Peer 1: 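If you scroll down you'll find the structure; I have some questions about it.
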Amino acid sequence: MPDADALDAANVRPEETVAMVGAFTPFIKALKTTVRQLWVIDNTQARCGVTKSSCGGLLRRPPTLSHADVVVITGSALVEGGLAGLLDAAANARCVVLAGPTASPWPPTFFARGVHILGGVQITDGPGAMRLVGEGASGYLLFSQVGRKVCVIREPDSP
């Protein structure tokens, strides 16, 4: 689904608890005053100060995920390791979102492991993206100048 936001697709309700693995600043801003409870699990302690949060190392905190209604996991967990354990810990969640530029390459594989929504980026101007990255631009410029958000949603009756 082009131009779709993964958080919007998750349809987070005010009475829900959201656990976020990785501090997604735009998601934190959208959720911190609209959900019952927001937990941010991030290795960077400074980021955790922007919200009500439970902070700590990723591998020390997966049990928190088992108590969340919605779990949002950064695609960086693919690179950092531990994604399988995080998905296992999030198995009881109503909705599991894997989000970020690295999150969208293999939907069937992630859907089979319990992910409901993949939120990523489609680059629409490759040379422009390379120029921005080379200049050290932030990810926000990717959306506004050389790319767009994309969202892949698992069909309700699929595994």
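Source: prediction; values computed, not measured.
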Peer 1: Find the distance between CD1 (Ile73) and CD1 (Ile41) and round it off to the nearest 0.5 Å.
Peer 2: 9.0 Å
Peer 1: State the CG-NZ distance between Leu7 and Lys149, to the nearest 0.5 angstrom.
Peer 2: 9.0 Å
Peer 1: Find out whether Val97 and His116 are in side-chain contact, i.e. whether some heavy atom of one side chain is under 4.5 Å from a heavy atom of the other.
Peer 2: no
Peer 1: With Glu15, which residues qualify under side chain to side chain contact (heavy atoms under 4.5 Å, CB included), at least two apart?
Peer 2: Arg13
Peer 1: Scan residues 18-29 for pairs that pass salt bridge (Lys or Arg N to Asp or Glu O under 4.0 Å), counting only residues two or more places apart or in two chains.
Peer 2: none
Peer 1: So which atom in Ala6 and which in Gly119 form the shortest heavy-atom distance, rounded to 0.1 Å?
Peer 2: CB-CA, 3.8 Å
Peer 1: Do the side chains of Met20 and Leu38 get nearer than 4.5 Å, heavy atoms only?
Peer 2: yes
Peer 1: Between Thr124 and Val146, is there a donor-acceptor pair closer than 3.5 Å when you use the side chain of the first and the backbone of the second?
Peer 2: yes
Peer 1: Is there a side-chain contact between Arg113 and Asp88 (heavy atoms, below 4.5 Å)?
Peer 2: yes
Peer 1: Find the distance between CG (Leu98) and OG1 (Thr74) and round it off to the nearest 0.5 Å.
Peer 2: 7.5 Å
Peer 1: Output side-chain donor-acceptor pairs under 3.5 Å for residues 127-135, partner residues at least two apart or in another chain, one line each.
Peer 2:
none

Peer 1: Would you mind telling me which of Leu65, Leu83, Val72 makes a side chain to side chain contact (heavy atoms under 4.5 Å, CB included) with Val21?
Peer 2: Leu65
Peer 1: Let's go through Asp5 and Phe27 carefully: what are the C-alpha distance in whole Å and the side-chain angles of both, what is the deciding distance for side chain to side chain contact (heavy atoms under 4.5 Å, CB included) to 0.1 Å, and is it a yes or a no?
Peer 2: CA-CA 10 Å; Asp5 185 88; Phe27 288 4; 4.1 Å; yes
Peer 1: Please report the shortest heavy-atom distance between Val18 and Ala68, naming the atom on each side.
Peer 2: C-CB, 4.5 Å
Peer 1: So which heavy atom on Thr17 is nearest to which on Arg36, and how close?
Peer 2: OG1-NH2, 2.6 Å
Peer 1: Quick one: list whatever passes side chain to side chain donor-acceptor pair (under 3.5 Å) with Asp125, sequence neighbours left out.
Peer 2: none
Peer 1: I need the minimum non-hydrogen distance between Ala9 and Cys151, along with the two atoms involved.
Peer 2: CB-SG, 3.7 Å
Peer 1: Measure the CZ-CD1 distance between Phe110 and Ile117 for me, rounded to the nearest 0.5 Å.
Peer 2: 14.5 Å
Peer 1: Which atoms form the tightest heavy-atom contact between Pro107 and Leu118, and what is the distance?
Peer 2: CA-CD1, 3.3 Å
Peer 1: Mind jotting down which residue pairs meet the salt bridge (Lys or Arg N to Asp or Glu O under 4.0 Å) criterion with at least one end in residues 19-28? Sequence neighbours excluded, please.
Peer 2: none
Peer 1: Enter the distance from Asn92:CG to Arg94:CZ here, rounded to the nearest 0.5 Å.
Peer 2: 13.5 Å
